[in-house]
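These values consider heavy atoms only, across backbone and side chains, with no hydrogens, waters or symmetry-generated copies.
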Amino acid sequence: KWADKYVPQFTKGEKITPTSIAIREGKTTAPNFLTEPELIQLMDENGIGTDATIAQHIQTIQDREYAVKQNNSFVPTNLGIALVEGYNSMGFELTKPNLRAQMESDMKN
């Protein structure tokens with residue numbers, strides 16, 4: 001974690017000479033899948049849905065088999081992953097929360 005480390009300010013093109021180098025073994029891990037409360041919180045923070053429609057949105061992603069609920073977390077299905085990767089590869093940002101929030105805002109106006 002970088003939060004507790006001091007990183008000096010450098011300017012572009014500045015040359016430095018390291019005083020030491022340490023290689024440490026470590027692993028990165030994927031983030032945990034979202035739980036329903038976490039998904040609801042993210043939807044609320046991004047302006048997606050209303051109190052009346054959030055449950056419907058969550059049910060829809062399960063009904064369309066974009067994700068399944070396992071051990072209280074939503075796990076993307078092959079279909080869900082393929083759709084996201086397909087849209088991203090075509091340059092569409094349909095998976096970005098701000099797009100859905102903008103669509104919902106536009107519909108209200």
Spacing of [atom1] belonging to [X] relative to [atom2] belonging to [Y], to within rounding of 0.5 Å:
X	Y	atom1	atom2	value
T50	D44	OG1	CG	10.0 Å
T53	Q56	OG1	CD	6.5 Å
T29	N32	OG1	CG	7.5 Å

Y87-I61 co-clustered via ILVMFWY side chain contacts under 4.5 Å: yes
Verify the cluster assignment for L79 and M90: are they in a single hydrophobic cluster under the rule of side-chain heavy atoms below 4.5 Å apart? yes
Under the side-chain hydrogen bond (donor to acceptor under 3.5 Å, both in side chains) test, which residues partner D63, sequence neighbours left out? Q59
Write down the atom of P76, the atom of F33, and the distance for their closest heavy-atom approach. CD-CE2, 3.3 Å
Apply side-chain contact (heavy atoms from CB on, under 4.5 Å) to I58 and list each qualifying residue two or more places apart in sequence or on a separate chain. E36, L39, I40, M43, I54, Q62, F74
Set of salt bridge (Lys or Arg N to Asp or Glu O under 4.0 Å) partners for E38, sequence neighbours left out: none
Please check: side-chain N/O of T77 versus main-chain N/O of Y66, any donor-acceptor pairing under 3.5 Å? yes
